[in-house]
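Following: one structure in structure tokens, then a few remarks.
Along the sequence shown, residues are numbered consecutively beginning with 1.
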Amino acid sequence: MDEKKKSKKGGFSGQLGFVMAAAGSAVGVGNIWRFPYLAAKDGGGVFLIIYLILVLTFGFTLLTNDIGIGRKTQKSSIQAYDQVKRGWGFLGKITFAVPAIIMTYYAVIGGWILKYIIVYLTGAGKAAAADTYFTSFITAPISPVVYGLIFMLLTIGDRISRS
């Protein structure tokens, strides 16, 4: 086997791929899910302008800051901030905790999507179009939790199979 192939790490082939993946991660399902609702509710164009300003200022700054610190220290986010300045280790813990908390939100929405995929694949799409279907599903005590857990297990399985 070629030495180059042996030492090749998994990663992005170029900067554009990395930037697009980082942007996709930052935007996430939450923004896609809530964006039309918030844009209509909060004033449409004004909301869009404020949203874009915040994304381009705070979002871009925080993303490039995390990337820069990670490249400089070559450590995980939990250890990297403490290396930059003593006492900043809690920031690294926050950068780890926030995605973990957000993951629970994605698992809930992923469970809903999984439920509807199964409903449509089994031919019960007409029932799912009823006004009360979604409300009765999300207020049920067990099924939304089960679908959320199945979604997380599928995500974990996909991640394991890729590594």
Side-chain angles (χ1 to χ4, degrees), residues 1-43 46-115 117 138-163:
M1 188 180 244
D2 189 41
E3 277 300 312
K4 198 175 190 180
K5 287 184 181 177
K6 274 186 187 176
S7 65
K8 186 177 179 185
K9 290 170 136 182
F12 297 98
S13 59
Q15 289 181 346
L16 179 63
F18 173 75
V19 169
M20 295 303 283
S25 174
V27 170
V29 175
N31 281 335
I32 293 169
W33 188 266
R34 295 181 60 214
F35 188 79
Y37 164 74
L38 290 176
K41 177 182 171 250
D42 294 332
V46 175
F47 175 78
L48 270 176
I49 292 168
I50 293 170
Y51 178 81
L52 289 174
I53 289 170
L54 290 173
V55 166
L56 294 173
T57 55
F58 287 99
F60 182 74
T61 304
L62 291 171
L63 177 65
T64 54
N65 182 44
D66 278 352
I67 293 168
I69 289 172
R71 283 187 178 174
K72 180 169 176 51
T73 63
Q74 296 292 308
K75 294 187 175 188
S76 72
S77 65
I78 294 175
Q79 300 165 337
Y81 281 92
D82 202 41
Q83 182 177 329
V84 170
K85 184 172 181 183
R86 282 278 177 235
W88 283 11
F90 74 95
L91 292 173
K93 291 175 183 154
I94 290 171
T95 63
F96 175 77
V98 168
I101 293 167
I102 291 171
M103 185 264 321
T104 60
Y105 174 74
Y106 287 145
V108 170
I109 293 174
W112 296 349
I113 293 168
L114 184 62
K115 167 70 173 177
I117 288 171
I138 63 170
T139 56
I142 295 174
S143 61
V145 175
V146 170
Y147 279 98
L149 289 172
I150 292 170
F151 177 81
M152 285 194 288
L153 290 173
L154 289 171
T155 305
I156 291 167
D158 177 60
R159 182 67 189 147
I160 290 171
S161 71
R162 290 176 188 248
S163 55

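Between Ile94 atom CD1 and Ile78 atom CD1 the span is 11.5 Å, to the nearest 0.5 Å. With rounding to the nearest 0.5 Å, the separation of CZ in Phe151 from CE in Met103 is 10.0 Å. Between the CD1 atom in Ile117 and the CH2 atom in Trp112 there is a gap of 14.5 Å [rounded to 0.5 Å].
Within a 6.0 Å sphere centred on CD1 of Ile142, heavy atoms belonging to other residues, nucleotides or ligands number 12 at most.
Here salt bridge (charged side-chain N to carboxylate O under 4.0 Å, His left out) pairs that include residues 85-103, with residues two or more places apart or in two chains, are Asp82-Arg86. Applying the side-chain hydrogen bond (donor to acceptor under 3.5 Å, both in side chains) rule to pairs touching residues 147-156 yields nothing, sequence neighbours excluded.
For the residue pair Tyr81 and Trp88, the shortest heavy atom distance occurs at CB-O, 3.2 Å. Closest non-hydrogen pair, Ala107 versus Met152, comes out as CB-CG, 3.6 Å. The heavy-atom pair separating Ser161 from Asp158 by the smallest distance is OG-O, 2.8 Å.
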Show your working on side-chain contact (heavy atoms from CB on, under 4.5 Å) between Leu154 and Leu114 and close with a plain yes or no.
CA-CA 10 Å; Leu154 289 171; Leu114 184 62; 4.2 Å; yes

Kindly determine whether Lys72 and Gln83 satisfy side-chain contact (heavy atoms from CB on, under 4.5 Å), including the steps that lead there.
CA-CA 10 Å; Lys72 180 169 176 51; Gln83 182 177 329; over 6 Å; no

Please output the side-chain donor-acceptor pairs of residues 58-65 that fall under 3.5 Å, not counting sequence neighbours, one pair per line with the distance.
unit_1: Thr61; atom_1: OG1; unit_2: Thr57; atom_2: O; d: 2.5
unit_1: Thr64; atom_1: OG1; unit_2: Phe60; atom_2: O; d: 2.9
unit_1: Thr64; atom_1: OG1; unit_2: Thr61; atom_2: O; d: 3.1

